[in-house]
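Encoded as structure tokens, the structure appears first; notes follow it.
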Amino acid sequence: MEKFPPLVPAAPGLIHGGDYNPDQWLGYPDVLQEDVRLMKLAGVNSASVAIFAWAALEPEEGKYDFEWLDETFDRLWKAGVRIILATPSGARPAWMDAKYPEVLRVNADRTKNLHGLRHNHCFTSPYYRQKVREMNRMLAERYGKHPALMMWHLSNEYGGECHCPLCQEAFRNWLRKKYDNDIEKLNHEWWTYFWSHRYTSFDQIESPSPLGDKLIHGMNLDWKRFVTEQTMDFIRNEMEPLREITPNIPVTTNLMGFYDGLDYWKLSQILDVVSWDNYPLWGNDSEKLWETASHTAFIHDMNRCFLKGKPFMLMESVPSKTNWHPCCKLKRPGMHLLSSMQAVAHGSDSVQYFQWRKGRGASEKFHGAVVDHCGRSDTMEFLGVKSVGDLLKKLPGVAGTSTKSQAAVLYDWENRWAIEDFQGTVNKESRRYVETCVEHYRPLWKRGVSTDIVSEDSDLSGYRLLAAPMLYMLRPGVAQKLRDFAEQGGTLILTHLTGYVNENDLCFLGGFPGDGMMDTAGIWCEDIDTVYPSDENFAVSKENHLGFAGRYPLGRMREIVHPAEGTEVLAAYEGDFYAGMPVLTCHPVGKGRVYYIASAVGPDFLEELYSKLIPEAGVSPCLPVELPEGVSVTLREGGGQQYYFFMNFTEMDQRVSLPAGTEFTDMDSGGTVRDLLDLPPYGVRILKK
């Protein structure tokens, strides 16, 4: 594999830094000087500056103060620290809200917000768009040629929606364009004949609201699509002066994992670099540490795949505790280095933090930071960050490398939105779309199989195994794409709730799975039984070609399916009136096979299934080793180099037997490693072959 170019042409290598807020410390010059000393000590080479700094940049309308930012640029550049400069649109000064109330966001219940919080703004407001563009132009003109500037950080964690009159009209115009200005076309696709909701004019349409329509599922979907596209349009407005004045400075914004308010598959396409904020619940009491790790790995891999394998950035993480978690538990010694290296292992070319120094007041004053209120450099948090900085300096060759995967899991935002509206199964929390996707990913991750995360719009060529859990919505062309994948020799795994509705949430006619997927899956779904937690049932294996064996408890959604001719039944229901009917089937399609899981299942079922499917599909792990439970291995490669990240997400010493006759170099110690690899609790070892 060839390497990707550096994320920042002027600063090749791995980036280490975080959110830095000198505007909060202008009255403490000794603190600003001490920050420079501590950054050098911690191995920090970047700082994200001016996030939420509008009030410091423009304290009164038309009166600007850039002196403190000038000094920050010069001070950090002199110390060898480059700057990721943020645009300040995430929060506005009070004078703006008081004078121009149109910028304030309106909620779904049509109440207007007061000044405060963040992202409390209307994305459609002409005034706010103009002010953002003017501010960004001034920043680009003033700092575009400063040698410290390495990247633009647009706003911060875009999110939320506005229901003001400006946004209502923008939504109607968006609908006019989508439905060719044909209100009857919209009525059909939204099925407004239900409850006599038919519209005779686009002007009658309001966004979903608890005070009005919120149960027209096609409307809900289109509103979410509109919010994504309107946010993207706002982002393009932010970008315009930056692209014009600093065309060679890359642009990013920080995403938020599985955040459901925006379709990140679409939003990420307008960025130069993808970045995200990572705050797992390490050490929680509802799952094992390695289960948290696999969930986090899924999101890392998804961010890597947004721009087709290009390295991403870990924009925010925390070296100690997160103050908004339900339980603010400290990371255990070693956990920060391990979690940071996990991001790098899955494709990040940076490790960054929120925040550099804890503030003195307001809601995040006890959120973890590199520098605590005591200001010392011998705290566990500071030393943990220093250990990351020391190790990153030894990994310059990793930057630009990536992963080539033979397996993929399909996770799609629009499909998730449709499932969340589905009425006729268990409650929203029990539908478990996100969790199910992660559970199909987990057996691959546990075996060291490099795995991509894809959407319904992704190119599937090159994969040998594809899991598409709960693919409830099928957009046009997706059913044929999946069939083509199988016909060309791929192994396709489908599950319950596949192929129920089209892109506008209209049910397919003629049976489920619809849109031709019945022929691909080799089954017909007659109905779905959603049961109470006490309604036990089991899947019992039958003699089959795969060697799938065992008896497994089932979840709360269970389809009643009928196999087509030529479809093999690998496991069947043990009880209830559909005892003996299929739970797991296999249908040959062209050169490949399509497996269908008719019920929600547990992890043991999936472990057994994927242990058989991985070799059958010809999928190879990144390294042929047996991994103890809780230990993962991930490969990054490029430019003729291979880097293996071994990570121990347990509190026990672990040992891995390496392939016989293979010799590695330990990137930390520089020593040679062969035969056996020992990992302490929370240990990480990076080996180069």
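Note that the numbering runs from 1 along the sequence shown for the chain. Remember, it's a predicted structure, so these values are computed and weren't measured experimentally. Just so you know, these numbers use all the heavy atoms, side chains as well, and skip hydrogens, waters and symmetry mates.
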Ring geometry between Y264 and Y259 (parallel below 30°, tilted from 30 to 60°, perpendicular above 60°): tilted
Ring geometry between F649 and W445 (parallel below 30°, tilted from 30 to 60°, perpendicular above 60°): tilted
Closest non-hydrogen atom pair, V531 against G555: CG2-O, 4.3 Å
Sidechain N-carboxylate O distance under 4.0 Å for R685, D666: yes
Ion pair K446/E607, N-O distance below 4.0 Å: yes
Check: V426 main-chain N/O paired with R431 side-chain donor or acceptor under 3.5 Å: yes
Ring center gap for Y433 and F422 short of 6.0 angstrom: no
F312 ring center near H300 ring center (under 6.0 Å): yes
Give every donor-acceptor pair under 3.5 Å between a side-chain atom in residues 516-530 and any protein atom, sequence neighbours left out.
residue, atom, partner, partner atom, Å
T520, OG1, R483, NH1, 3.2
E526, OE1, H562, NE2, 2.7
D529, OD2, Y578, OH, 2.7

Taking every non-hydrogen atom, the tightest pair across L221 and E414: CD2-O, 3.9 Å
Salt bridge D263-K266, side-chain N to carboxylate O under 4.0 Å: yes
F258/Y411 aromatic ring centres below 6.0 Å: yes
Below 3.5 Å, can you tabulate the donor-acceptor pairs from side chains in residues 568-577 to any protein atom, sequence neighbours excluded?
residue, atom, partner, partner atom, Å
E568, OE1, H545, ND1, 2.6
E568, OE2, H545, N, 2.9
Y573, OH, E559, N, 3.3
Y573, OH, E559, O, 2.7
E574, OE1, R551, NE, 3.4
E574, OE1, R551, NH2, 3.0
E574, OE2, R551, NE, 2.8

Test: E629 and K288 ion pair at under 4.0 Å: yes
Expected output: side-chain R593 to main-chain V589 donor-acceptor under 3.5 Å: no
Parallel, tilted or perpendicular: rings of F512 and Y500 (30°, 60°): parallel
Between Y610 and H440, ring centroids under 6.0 Å: yes
